[in-house]
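We number each residue from 1, following the sequence as shown. Atoms within each ligand, like the ligands themselves, are counted from 1 in listed order.
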Amino acid sequence: MSLIDDLKWRYATKKMNGEKVPQEKIDYILEATRLSPSSSGLQPYKVFVITDKALLEKIKDIAWNQAQVVDCSHLLVFAAWDSYSDERVTEVFNYTMEQRALPHSTMDDYKANILSLYAPLGQEWQAHHTSKQSYIALAMAMAAAAEQKVDATPMEGFLNDKLDELLQLEGTGYKSTLLLPLGYREDQNDWLVNMKKVRTPKEDFITEISLEDLNSTEA
Ligand SMILES: Cc1cc2nc3c(=O)[nH]c(=O)nc-3n(C[C@H](O)[C@H](O)[C@H](O)COP(=O)(O)O)c2cc1C
């Protein structure tokens, strides 16, 4: 199967059957998620893995009662930094330099640049930026899950503040951004399973442009 076949196979599963996904498949999906690229390599997010049914029931209550939250095998909760700080950025860059056997100071100019760029943009912009990085990781997780023939439902449909409270994220510097239940589709009871996958037609989606095209529309 090619990646394209896997992406055609996957869909935002509405009904899961409660079957357990083997740990090696979960590990594979999490590893693909960890390998996701991020702006400046900061990886300003992490993933919580939840299988505890009592906790999943509580999450369902604040996720518009979406059944996948409890019918899944594992629930991934993506959480991103609430802001950038000198301390956080330094920690990541120091770790990177240690892994590459380079002096910590190697990244000093680059670090000063990004901090001076991000600081005036404010906390809200920063939280939005870190959240965007977690969405890239979500995409990696979904593609890996599809490759493993594990169903997954990307979800923004939950009350972020309530989830942060439930998971006791206050004071940790993380805020929840996304949910990703992983499990197996219940073919017989999922209204979406056999629906045609609909995407913007290629001719509307892809536009090739050149400088010549742009100059000619300007004139
Ligand atoms: C960021 C994001 C948030 C989403 N939130 C939800 C959600 O809360 N509940 C849900 O059932 N589907 C959710 N979806 C699924 C989309 O509706 C679905 O991906 C889209 O309609 C395309 O269909 P497909 O994934 O089945 O190909 C979300 C998708 C994305 C990418």
>> Closer than 4.0 Å to some heavy atom of Y11 - which atoms of ligand 1 meet that?
In response: 26 (O)

> Is there a side-chain contact between Y110 and I114 (heavy atoms, below 4.5 Å)?
Replying inline: yes

>> For ligand 1, which is the ligand I care about here, please tell me if R10 has any N or O atom under 3.5 Å from one of the ligand's N or O atoms.
In response: yes

> Between T153 and ligand 1, does any nitrogen or oxygen pair lie at a separation below 3.5 Å?
Replying inline: no

> Hey, is atom 17 (O) of ligand 1 touched by any protein heavy atom at less than 4.0 Å?
Replying inline: no

>> Just so I know, are the side chains of Q43 and V92 near enough to count as touching, which here means a heavy-atom distance under 4.5 Å?
In response: no

> What atoms in ligand 1 come closer than 4.0 Å to a heavy atom of Y135?
Replying inline: 1 (C)

> Just heavy atoms, cut-off under 4.0 Å: does F158 contact ligand 1 by side chain, backbone, both, or neither?
Replying inline: neither

>> What I want to check is whether the side chains of D27 and Q23 have a donor and an acceptor closer together than 3.5 Å.
In response: yes

>> Do T177 and S134 pair up side chain to side chain, a donor and an acceptor below 3.5 Å, judged on atom types alone?
In response: yes

> What's the shortest distance from atom 11 (O) of ligand 1 to any protein heavy atom, and which residue and atom give it?
Replying inline: K14 NZ, 2.6 Å

> Would you call K14-D190 a salt bridge at under 4.0 Å N-O?
Replying inline: no

> For E170, does the CD atom have more than 12 heavy-atom neighbours from other residues, nucleotides or ligands under 6.0 Å away?
Replying inline: yes

When the side chains of residues 54-66 are checked against the rest of the protein, which donor-acceptor pairs come out under 3.5 Å, sequence neighbours left out?
| residue | atom | partner | partner atom | Å |
| --- | --- | --- | --- | --- |
| Q66 | NE2 | A63 | O | 3.4 |
| Q66 | NE2 | G157 | O | 3.0 |

>> Closer than 4.0 Å to some heavy atom of G157 - which atoms of ligand 1 meet that?
In response: 8 (O)

>> Please check if the number of heavy atoms outside K175 that lie under 6.0 Å from its NZ is greater than 12.
In response: no

>> Closer than 4.0 Å to some heavy atom of E156 - which atoms of ligand 1 meet that?
In response: 1 (C), 3 (C), 4 (C), 5 (N), 6 (C), 8 (O)

>> Any protein heavy atom at under 4.0 Å, with atom 21 (O) of ligand 1 as the reference point?
In response: no

>> Check contact between W64 and ligand 1, using heavy atoms of the residue and a distance below 4.0 angstrom.
In response: no

>> Once you restrict to heavy atoms under 4.0 Å, what part of R199 touches ligand 1? Side chain, backbone, both or neither.
In response: side chain

> What protein heavy atom is closest to atom 9 (N) of ligand 1, reported as residue, atom name and distance in Å?
Replying inline: Q66 OE1, 2.7 Å

> For atom 27 (O) of ligand 1, what's the nearest protein heavy atom and its distance?
Replying inline: K197 NZ, 2.4 Å

Just distance, no hydrogens or angles: give the donor-acceptor pairs under 3.5 Å from side chains in residues 75-84, sequence neighbours left out.
| residue | atom | partner | partner atom | Å |
| --- | --- | --- | --- | --- |
| W81 | NE1 | Y174 | OH | 3.4 |
| D82 | OD1 | R88 | NH1 | 3.1 |
| Y84 | OH | H129 | ND1 | 2.7 |

> Where do D71 and K15 land on the salt bridge (charged side-chain N to carboxylate O under 4.0 Å, His left out) test, with the steps shown first?
Replying inline: CA-CA 7 Å; D71 295 340; K15 186 84 186 112; 3.1 Å; yes

> Given A67, P154, A12, which has its nearest heavy atom closest to atom 6 (C) of ligand 1?
Replying inline: P154

